[in-house]
Amino acid sequence: MSLPLPQMPLTLEGAALLHQLFRLNWAAWRSIDSQTRQSLLAEFNATLATMGAHTGLFSVYGHKADFMLIHFRPGFAALSDAEWTIRKLPIWEYFEPSTSYLSIVELGLYESTGKVYGGLANEGVEPHSEPWKNFIADTLDRQRKAMAPRLFPEVPPTEYVCFYPMDRRRGEDKNWYSLPLEQRAALMHEHGLVGRRYAGEVRQIISGSIGLDDWEWGVDLFAEDPLVFKKLIYEMRFDPVSAIYAQFGPFYVGTRCNAERLAQLLLI
Ligand code: 76R
C-alpha cells in the first residue's frame with residue numbers, strides 16, 4: 001500500500017526576513033549634546049546606506065513602535081549579520097526594542113502541487129520513493145529559478161508599508177489544517193483572484209514563519225497610498241479563506257524614513 005501524500009502544499013522559500021520594531025528613549029537621547037546626536041545619526045545612516053535596498057527603515061504610526069527596520073537577506077546567516085551590525089551601533093543604546101519578527105519569503109504552490117502529485121500518480125510513481133522525490137526536487141528547482149526575482153526581492157521603494165503576522169484557524173470546528181489539499185487550493189485560488197485586482201496598487205510579500213516565530217505568516221503590503229491597505233484587507237475579510245480561516249496579529253503601519261526625515265524627527 002502507498003504511503004499517504006503530504007498534506008502541505010509545495011512551497012518555494014526565498015529571502016530570510018527580520019522585522020525589527022523599536023522606539024527611541026527620548027529622555028536619554030535628549031540628554032546628549034546635539035553634535036553627538038548628529039554623529040550618531042550620521043553613523044546610523046551610513047550603515048543603512050551600505051545595506052542598500054535590502055533593508056528599509058520606516059517610522060511607525062502610533063504607540064506600538066517609533067521605527068521599523070525590515071531586512072531582506074539571502075539567508076539566515078546574513079540576516080544575523082544585519083541584526084548584529086545594527087545592534088553594535090552606538091545609537092542602538094538609545095533605542096529600545098518593541099518587538100521583532102523572523103520569517104522567510106514563501107510562495108505557496110497550491111496549483112502546481114495538485115498537478116505534480118496527480119501527474120506522478122498517473123505515471124504510477126510511488127509516493128516518497130526516490131523517483132518521486134527527484135521529480136519534485138527538479139520541479140521545485142525549475143520554479144525556484146523562474147521565480148527568483150519574487151523570492152529574493154528588494155524592500156519595495158513605496159512610501160507606506162503595512163506589516164502584520166497572521167495564522168490560519170485551527171479551531172475545533174473550523175480547522176484549516178484538516179481541510180483536504182484540493183479544498184485549500186480552491187480557496188487559495190479565490191484569494192489570489194481578489195488579491196490580483198489590487199496588483200497595480202499594492203505589492204504583497206508573504207513570508208512563512210511556522211517554526212520561526214509566534215505566528216504562521218508575516219504579511220507585508222507596500223503601497224503609495226495607505227488607503228489601499230484598508231480597502232484590500234476589508235475586501236479580503238469577505239473572501240472565505242480570510243472570513244473563515246484567518247486570525248490576525250497586531251498591525252504596524254509605517255512611512256518611509258530616509259536620512260532627511262530621520263534628521264527631521266530626531267534632531268529638532
Ligand atoms: O503569490 C501569488 O501571487 C500567488 C497567489 C497568492 C498566494 C499563494 C496570493 C496572492 N497570496 C498567497 C498566499 Mn495572499 N495575502 C494575504 C493577506 O488580510 C487578509 O485577509 C490576509 C492577508 C493579504 C492582504 C494578501 C494579499 N496570502 C497567501 C498566504 C499563505 C497561505 C497559505 O499558503 O496557506 C497568506 C497567509 C496570505 C495572506 N495575496 C495575493 C494578496 C494579494 C494582493 C495577492 C495578489 C498578488 C498579485 O497577484 O500581485
Side-chain angles (χ1 to χ4, degrees), residues 6-15 17 19 72 101-117 139-140 143-144 146-158 160-171 174-254:
Q7 284 303 302
M8 288 160 47
L10 295 169
T11 55
L12 292 175
E13 278 75 21
L17 261 60
H19 289 69
F72 288 12
Y101 204 78
L102 179 67
S103 55
I104 184 164
V105 169
E106 177 187 297
L107 295 182
L109 305 175
Y110 270 102
E111 225 142 290
S112 27
T113 303
K115 284 185 199 146
V116 169
Y117 288 173
T139 308
L140 289 178
Q143 300 225 15
R144 201 171 288 120
M147 303 283 201
R150 283 188 61 192
L151 290 171
F152 296 95
E154 294 185 337
V155 178
T158 56
Y160 296 96
V161 63
C162 172
F163 166 70
Y164 53 100
M166 62 176 289
D167 283 345
R168 291 282 182 234
R169 190 180 298 277
R170 275 184 290 129
K174 301 290 179 196
N175 186 334
W176 175 252
Y177 296 90
S178 61
L179 290 183
L181 183 65
E182 309 81 69
Q183 222 168 311
R184 279 176 285 134
L187 286 163
M188 286 308 294
H189 179 72
E190 291 294 314
H191 165 84
L193 293 181
V194 176
R196 220 162 292 153
R197 284 196 273 110
Y198 289 83
E201 291 172 281
V202 69
R203 174 84 191 279
Q204 138 266 19
I205 296 179
I206 299 297
S207 52
S209 44
I210 294 181
L212 299 175
D213 217 317
D214 299 342
W215 296 78
E216 295 171 349
W217 283 277
V219 179
D220 279 287
L221 304 172
F222 296 89
E224 295 299 347
D225 178 359
L227 195 54
V228 174
F229 303 142
K230 180 179 183 295
K231 302 267 184 214
L232 165 63
I233 296 168
Y234 192 8
E235 186 166 357
M236 279 200 169
R237 293 286 154 109
F238 296 94
D239 185 59
V241 76
S242 296
I244 304 171
Y245 297 104
Q247 287 182 313
F248 299 97
F251 280 66
Y252 301 95
V253 174

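In listed order, ligands and their atoms are each counted from 1. Sequence positions, counted from 1, serve as the residue numbers for this chain.
- Contact annotation for R196 and ligand 1: heavy atoms of both the backbone and the side chain come within less than 4.0 Å of the ligand.
- Within the structure, no pair that satisfies the salt bridge (Lys or Arg N to Asp or Glu O under 4.0 Å) test touches residues 177-194, not counting sequence neighbours.
- The aromatic rings of F251 and Y164 lie parallel to each other, with less than 30° between the two planes, well short of the 60° mark.
- For atom 31 (C) of ligand 1, the nearest non-hydrogen atom from the set H189, R168, E235 belongs to R168.
- The distance criterion of under 3.5 Å between nitrogen or oxygen atoms is met by R150 with respect to ligand 1.
- Counting protein heavy atoms only, atom 32 (C) of ligand 1 is closest to W217 CZ2, 3.5 Å.
- Taking atom 44 (C) of ligand 1 as the reference point, the nearest protein heavy-atom neighbour is G195 CA, 3.5 Å.
- Proximity of a side-chain donor or acceptor of R144 to a complementary backbone N or O of L12 within less than 3.5 Å is not detected.
- Taking the six-membered ring where the residue is Trp, Y101 and H19 present perpendicular rings, their angle passing 60° and hence far from 30°.
- The closest protein non-hydrogen atom to atom 8 (C) of ligand 1 is G108 O, 3.6 Å.
- With ligand atoms numbered from 1 in the order given, ligand 1 contributes 18 (O) to contacts under 4.0 Å with heavy atoms of I233.
- Near Y110, with a cut-off below 4.0 Å to any heavy atom, the atoms of ligand 1 are 32 (C), 33 (O), 34 (O).
- F222 and F72 have perpendicular rings, their planes meeting at more than 60° on a 0 to 90° scale where under 30° would count as parallel.
- Within ligand 1, the atoms closer than 4.0 Å to a non-hydrogen atom of W176 are 34 (O), numbered from 1 in the order shown.
- When each atom of ligand 1 is checked for a heavy atom of F248 under 4.0 Å away, the hits are 18 (O), 19 (C), 20 (O), 21 (C).
- For atom 21 (C) of ligand 1, the nearest non-hydrogen atom of the protein is M166 SD, 3.7 Å.
- Among all heavy-atom pairs drawn from G14 and F152, the shortest one is C-CE2, 3.4 Å.
- Among all protein heavy atoms, the one lying closest to atom 37 (C) of ligand 1 is I206 CD1, 3.5 Å.
- Among all protein heavy atoms, the one lying closest to atom 10 (C) of ligand 1 is Q204 NE2, 3.4 Å.
- Side-chain contact between I233 and L221: present, with at least one pair of heavy atoms (C-beta onward) separated by less than 4.5 Å.
- For the residues H191, E106, E201, the heavy atom positioned nearest atom 25 (C) of ligand 1 is part of H191.
- Side-chain contact check for V241 versus W176: some heavy-atom pair is nearer than 4.5 Å.
- Put simply, the side chain of T11 never gets that close to the backbone of G108: no donor and acceptor are under 3.5 Å apart.
- Protein heavy atom in closest approach to atom 28 (C) of ligand 1: M188 CE, 3.7 Å.
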Practice task
Just do the side-chain contact (heavy atoms from CB on, under 4.5 Å) check on L187 and I244 with the steps written out, would you?
Solution key: CA-CA 11 Å; L187 286 163; I244 304 171; over 6 Å; no
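- Only the side chain of Y164 comes within 4.0 Å of ligand 1, counting heavy atoms alone; its backbone N, CA, C and O stay farther away.
- Counting heavy atoms under 4.0 Å from ligand 1, residue R203 does not touch it at all.
- Look at R237 and you'll find every heavy atom at least 4.0 Å from all atoms of ligand 1.
- Applying the 4.0 Å criterion to heavy atoms of A199 picks out, from ligand 1, the atoms 49 (O).
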Which side-chain N or O atoms in residues 193-206 pair as donor and acceptor under 3.5 Å with protein atoms at least two apart or in another chain?
| from | atom 1 | to | atom 2 | distance (Å) |
| --- | --- | --- | --- | --- |
| R197 | NH1 | E235 | OE2 | 3.1 |
| R197 | NH2 | E235 | OE2 | 2.7 |
| Y198 | OH | E235 | OE1 | 2.6 |

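- In this structure, the side chain of D167 does not engage the main chain of W215 through any donor-acceptor pair within 3.5 Å.
- Summary of contacts: the protein heavy atom closest to atom 23 (C) of ligand 1 is M236 SD, 3.5 Å.
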